[in-house]
Amino acid sequence: MIIDGKKLSNQLDNSMKAEVAALRESGIEPKLVVIIVGNDPASQIYVRNKHHKAIKLGITSIIERRPQDFTQPELLTLIDQYNRDESVHGILVQLPLPKQIDESAIIRAIAIEKDVDGFSPENVGKLFNNSHDHYPVSCTPKGIMTMLAHYNIDPEGQHAVIVGDSNIVGRPMGALLLNAGATVTYTHILTKDLSSYTRTADILIVATGVAHLIKAADIKPGATVIDVGMDRDENGKLVGDVDYDHAKDVAGAITPVPGGVGPMTITSLMQQTLELAKVANNRTLETVK
Ligand code: NAD
């Protein structure tokens with residue numbers, strides 16, 4: 001089975017469009033601010049894609065572009081401006097940032113109620129505590145959970161193996177799967193005999209940035225394989241971390257690259273923008289009462 005993230009993303013977009021229209025009719029204008037510093041080519045593409053998706057759904061999107069030599073105090077001032085702006089519901093600072101800026105200081109500076117990427121220590125803490133509150137989580141793992149649910153792949157009691165332990169993908173992914181009842185194994189660049197772990201996975205999530213790291217022989221027959229990687233092969237073609245052409249014959253379900261995880265990441269971002277807009281509005285109403 002091919003897990004078609006692009007198709008699912010389009011379906012979810014249609015229902016979100018209707019939701020945005022209803023929100024606007026009731027006087028709420030969902031608004032997302034994306035701040036990009038420097039000229040990383042991949043980041044430029046991601047930001048453009050996010051902007052286009054927001055516009056398509058009727059979400060107001062502001063892109064703030066700043067030069068490579070933008071300073072940390074300048075960025076903190078810009079974030080503070082949008083923290084105070086009540087018309088803004090989500091603030092996203094595109095990572096990576098230039099080396100003169102401390103990413104964790106920037107993440108901490110975003111108001112928690114506008115932390116649309118779910119990277120703040122508070123929201124990460126809620127995720128790892130399996131809190132029952134509503135809180136944003138990292139968009140890529142969230143999109144993967146949405147795909148699994150849509151394709152009736154229930155993590156409960158399954159062995160999930162995560163390859164790659166980044167704060168953006170691997171770690172929150174493992175927490176979400178644990179919260180959903182999976183037994184989770186984290187692996188990373190220092191893991192010895194990686195294949196001995198991946199071959200035991202019922203659900204295998206790969207997020208390393210290493211093109212075709214995972215081969216068919218590394219996969220348990222019938223497993224669900226989710227490929228987060230967005231890599232270039234020797235011909236410059238976009239490929240994943242999984243050798244898809246061979247892996248698809250072994251896996252029970254698999255995401256392609258492109259057309260798998262990528263579109264769902266952006267859809268999750270839009271869903272969370274809407275959630276924050278709704279929460280902010282309820283808060284305002286409560287304050288008025
Ligand atoms: P990262 O560079 O922050 O982390 C990479 C992780 O992979 C690390 O934990 C490292 O230990 C591990 N790793 C590297 N080489 C390994 C190896 N040989 N064996 C085992 N583990 C290894 O990366 P990231 O930000 O998590 O991104 C990973 C990939 O996912 C990249 O290709 C990135 O472009 C892609 N990505 C895609 C989306 C999307 O929406 N599709 C979103 C985020 C990241």
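Whatever order the structure lists ligands and atoms in, that order sets their numbers, starting from 1. Residues take their numbers from the sequence shown, with the count starting at 1. All values derive from a computational prediction rather than experimental measurement.
- For ligand 1, the polar-atom distance check against Val163 finds no nitrogen or oxygen pair separated by under 3.5 Å.
- Within a 6.0 Å radius of CZ in Arg84, other residues, nucleotides and ligands contribute 12 heavy atoms or fewer.
- Distances below 4.0 Å separate heavy atoms of Gly262 from the following atoms of ligand 1: 40 (O), 41 (N).
- Annotation for Lys7: atom NZ does not count as buried by contact number, only 12 or fewer foreign heavy atoms lying within 6.0 Å.
- Each of Thr185, Ile214, Val206, Thr191 was evaluated against Thr198; a single residue qualifies, Ile214, per the side-chain contact (heavy atoms from CB on, under 4.5 Å) test.
- Nearest to atom 2 (O) of ligand 1 among the protein's heavy atoms is Thr208 O, 4.6 Å.
- Protein heavy atoms are found less than 4.0 angstrom from atom 7 (O) of ligand 1.
- Which parts of ligand 1 touch Gly164 is read off a 4.0 Å heavy-atom cut-off, strictly below it: atoms 6 (C), 7 (O), 9 (O), 12 (C).
- Ligand 1 lies nowhere less than 4.0 angstrom from a heavy atom belonging to Gly170.
- Lys278 has a carboxylate O that lies under 4.0 Å from a charged side-chain N of Glu19, or vice versa, which qualifies the two as a salt bridge.
- Using modelled atom types and a 3.5 Å distance limit, the side chains of His89 and Thr273 yield no donor-acceptor pair.
- Of all protein heavy atoms, the one closest to atom 11 (O) of ligand 1 is Ile189 N, 3.0 Å.
- Summarising the local packing, OH of Tyr197 is surrounded by 12 or fewer heavy atoms from other residues, nucleotides or ligands at distances under 6.0 Å.
- Considering both main-chain and side-chain atoms, Asp241 never comes within under 3.5 Å of ligand 1 through any nitrogen or oxygen pair.
- Ranking the protein heavy atoms by distance from atom 9 (O) of ligand 1 puts Asp165 OD1, 2.5 Å first.
- For atom 18 (N) of ligand 1, the nearest protein heavy atom (residue, atom name, distance) is Leu213 CD1, 3.7 Å.
- With hydrogens left out, the protein atom closest to atom 40 (O) of ligand 1 is Thr265 OG1, 2.8 Å, a heavy atom.
- Heavy atoms from other residues, nucleotides or ligands lying under 6.0 Å from NE2 of His246 number 12 at most.
- The shortest distance between side-chain heavy atoms of Phe119 and Glu103 does not fall below 4.5 Å.
- The shortest side-chain heavy-atom distance between Val116 and Leu269 falls under the 4.5 Å cut-off.
- For atom 23 (O) of ligand 1, the nearest protein heavy atom (residue, atom name, distance) is Ser166 CB, 4.3 Å.
- The nearest heavy-atom contact from the protein to atom 31 (C) of ligand 1 is Gly209 CA, 3.6 Å.
- Residue contacts with ligand 1, taken as heavy atom pairs separated by less than 4.0 Å, involve Val228 via backbone and side-chain atoms alike.
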Give the C-alpha distance, both sets of side-chain angles, the deciding distance and a yes or no for salt bridge (Lys or Arg N to Asp or Glu O under 4.0 Å) between Lys126 and Asp133. CA-CA 8 Å; Lys126 286 182 179 177; Asp133 286 1; 3.3 Å; yes

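- For ligand 1, the polar-atom distance check against Val169 finds no nitrogen or oxygen pair separated by under 3.5 Å.
- For the pair Lys17 and Asp13, the salt-bridge criterion is not met [side-chain N within less than 4.0 Å of a carboxylate O].
- Nearest protein neighbour of atom 42 (C) of ligand 1, counting heavy atoms only, is Thr140 OG1, 3.2 Å.
- The part of Asp231 lying near ligand 1 is the side chain, judged by heavy-atom distances below 4.0 Å.
- Interface of Val210 with ligand 1, defined as ligand atoms under 4.0 Å from a residue heavy atom, comprises 15 (N).
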